[in-house]
Amino acid sequence: MANSKFMTAAQAAQLIRDNDTVGLMGGGGGLMEATCMFEAVQARFLETESPRKLTLVHALGIGDKKTKGMNCFAHEGLVKRVIGGHWVWSPAMQKLAQEEKIEAYILPGGVSSQLMREIGAGRPGLFTHVGLGTVCDPRQGGGKMNASASDDLAEVIEMDGREYLRYKPFPIHIAIVRASAADDDGNISFEHEAANLDAQSLALAARNSGGKVIVQVRERVPSGALKAREVRIPSAWVDAIVVDPQQQTSYDIPFDPAFSGELTGAERRQAEDADHAREQAAANDMFSERQAVARRAAVELFNTDKARPVVNYGVGVPDAVARLIAARGQQHLIYQTIEHGTYGGTLMDGVLFGYARNATAMLDAPTQFDFYAGGGLDIAFLGFGQFDQQGNVNVSKLGGLTVGPGGFIDIAQNARKVIFCGTLGAKGVKLETGNGQMRVLRQGEVRKLVAQVDQITFSGPQSLLRGQTVLFLTERASFRLTARGIELFEIAPGIDLQRDVLDQMAFMPQLAEKIATISADHFLASTT
């Protein structure tokens, strides 16, 4: 007798009703994205104008900046509200938010995935310090990203003399998750996926909200084919299973066992050696200010009291630090993590940020964020869109567009040491380097060091209260957060302090008693 849980994507899309709250999962580049199901929901709406007025919830960025991922849902009328961790992969959804055609909200990525677990457990929301003093704090915006958004997603509470945020629970009517295989009984496994993300907690939230759990998999296997420990979502939680034989590791990679961590022994060592060789070959290719900042930042990796620090790398210039460490063969000196739940391996960048080749461990994202929130992270390398004289950082709303923090807030607020990496200016900047110096040939039109950030994604004052070490490293100068504000303590060789740095800032920083010169080695094209 056929298991009624197995159905087509079009049939599964029919389970979604008007006004439902739909939980989605995935990462940029197609990471664990249920692409077939997303496209089925879009096709149904375009044909029938149903379902309508959905609320979408997702922890990380999903899409390709064109037609996939969240772009499938970016149709006026299909969506009423989006609570997204990261929006940049869907310009179409950003446009709907900017034009006030939807209610736009953000949550920290870790908070979002952990909140799903709390919803599933029937608890009264997520109680945490994560987000205090940031845009997610109701005193700083409450997660609202446009005028159409009117609800605070969190409230401030006090327990034992300390402030916390309570992120409010809400029912999940539909969860659309992705996995590798389903057996005939409906048990679900992830063994060929490049991450676990928040699939389990999302399914739990929908199941115990009285909603439906839709799982897209690549293959159907007989009952008993999956070992009990391989089952990550039990059949009892699952309502619908869609088999998509064309499901891929990423949008462009059909399947690679290095990404799912399935290689072992000599085969794994061979793959790791090949990865190292590629990183070494690319290390000096097209040297630029990005690599110069990465080299300076890497110095801080070993300027710590931990023999083997636990490290997180963000997207942008910070992933150049990860590639530099890989090129130098120094991964064994650190515990490398990313918020998607992965440890070790060779991190990918660009559209494949979130993927790692030959990882040493893969955890569920909520557990990874628990580790971060509890103080397990020693050093984080993160980017910045803006920072101001108080040490506040903005990455969540830039140029009027909703960007969202992803895991930035969870990571930046909890790492013992935070290294913000980026360029001092933007739009039209022209630099010359590679000969041991950094020269500015043309200043940028956009100032990134501002008097007051447009939105607080990282709170400098909160950081001082927590006792974090915070550095801001750019291609021209290095800054640190002190009780007196931002202090400039290093300058790059070839840079004019007044013309190239101070005149390009909207505030006057404190100046260290002795301003050091950044090592010229960081600005040589021939060295890693």
With a cut-off of 6.0 Å (strictly less than), are more than 12 heavy atoms of other residues, nucleotides or ligands near [atom1] of [X]?
| X | atom1 | answer |
| --- | --- | --- |
| Q452 | CD | no |
| E513 | CD | no |
| Q330 | CD | yes |

If we ignore hydrogens and angles and just use 3.5 Å, is the side chain of [X] paired with the main-chain N or O of [Y] as donor and acceptor?
| X | Y | answer |
| --- | --- | --- |
| D64 | K66 | yes |
| Q336 | G345 | yes |
| T337 | V311 | yes |
| R442 | G428 | yes |
| Q248 | Y251 | yes |
| S396 | P405 | no |
| T474 | L424 | no |
| R416 | G375 | yes |
| D410 | F369 | no |
| Q368 | I338 | yes |

Taking salt bridge (charged side-chain N to carboxylate O under 4.0 Å, His left out) as the cut-off, I'd like each qualifying pair that reaches into [range], sequence neighbours left out, listed once.
| range | value |
| --- | --- |
| residues 189-201 | R178-E193 |
| residues 309-319 | R290-D319 |
| residues 249-260 | D256-R357 |
| residues 489-502 | R296-E490 |

What distance do [X] atom [atom1] and [Y] atom [atom2] have between them, rounded to the nearest 0.5 Å?
| X | Y | atom1 | atom2 | result |
| --- | --- | --- | --- | --- |
| I518 | S478 | CD1 | OG | 3.5 Å |
| Q216 | M32 | CD | CE | 10.5 Å |
| L473 | C421 | CG | SG | 5.5 Å |
| I379 | Y335 | CD1 | OH | 14.0 Å |
| I325 | L333 | CD1 | CG | 8.0 Å |
| C136 | I409 | SG | CD1 | 4.0 Å |

Does the side chain of [Y] come within less than 4.5 Å of [X]'s, by heavy atoms?
| X | Y | value |
| --- | --- | --- |
| D503 | Q498 | yes |
| V130 | Y372 | no |
| V315 | D349 | no |
| S288 | Q291 | yes |
| P509 | L502 | yes |
| N414 | L377 | no |
| D388 | L449 | no |
| V429 | T423 | no |

Let's go through T346 and N358 carefully: what are the C-alpha distance in whole Å and the side-chain angles of both, what is the deciding distance for side-chain contact (heavy atoms from CB on, under 4.5 Å) to 0.1 Å, and is it a yes or a no?
CA-CA 7 Å; T346 300; N358 299 301; 5.9 Å; no
Taking NZ, NE, NH1 and NH2 as the nitrogens, is one of them in K397 or D454 under 4.0 Å from a carboxylate oxygen of the other?
no
Do Y355 and F259 have ring centres separated by under 6.0 Å?
yes
One pair to check against side-chain hydrogen bond (donor to acceptor under 3.5 Å, both in side chains): Q468 and S463. What are the steps and the verdict?
CA-CA 6 Å; Q468 291 176 291; S463 175; 2.9 Å; yes
So which atom in [X] and which in [Y] form the shortest heavy-atom distance, rounded to 0.1 Å?
| X | Y | answer |
| --- | --- | --- |
| H86 | H58 | O-CE1, 3.2 Å |
| I188 | A179 | CG2-CB, 3.1 Å |
| R117 | T367 | NH1-N, 4.4 Å |
| T304 | P309 | CG2-CG, 4.1 Å |
| N196 | R232 | ND2-NH1, 3.3 Å |
| W87 | I106 | NE1-CG2, 3.7 Å |

Before giving the answer on side-chain contact (heavy atoms from CB on, under 4.5 Å), spell out for Q504 and R476 the whole-Å C-alpha distance, their side-chain angles and the decisive distance to 0.1 Å.
CA-CA 11 Å; Q504 308 308 313; R476 308 185 199 185; 3.8 Å; yes
Passes side-chain contact (heavy atoms from CB on, under 4.5 Å), I411 versus N312? Steps please.
CA-CA 8 Å; I411 296 163; N312 173 279; 3.6 Å; yes
Determine whether the side chains of [X] and [Y] contain a donor N or O and an acceptor N or O closer than 3.5 Å.
| X | Y | result |
| --- | --- | --- |
| E118 | Y167 | no |
| T433 | E289 | no |
| R439 | Q437 | yes |
| Q462 | Q413 | no |

Scan Q386, Q455, K448 and name whichever one has a side chain to side chain donor-acceptor pair (under 3.5 Å) with N394.
Q386
Using the ring pair (Phe, Tyr, Trp, His ring centres under 6.0 Å) criterion, which residues pair with F353? Sequence neighbours excluded.
H340
Ring pair (Phe, Tyr, Trp, His ring centres under 6.0 Å) with F479: which residues, sequence neighbours excluded?
F387
Can you tell me how the ring of F472 sits relative to the ring of F420, calling it parallel under 30°, perpendicular over 60° and tilted otherwise?
parallel
Decide yes or no on side-chain contact (heavy atoms from CB on, under 4.5 Å) for V470 and K417, but give the supporting numbers first.
CA-CA 6 Å; V470 181; K417 186 175 188 177; over 6 Å; no
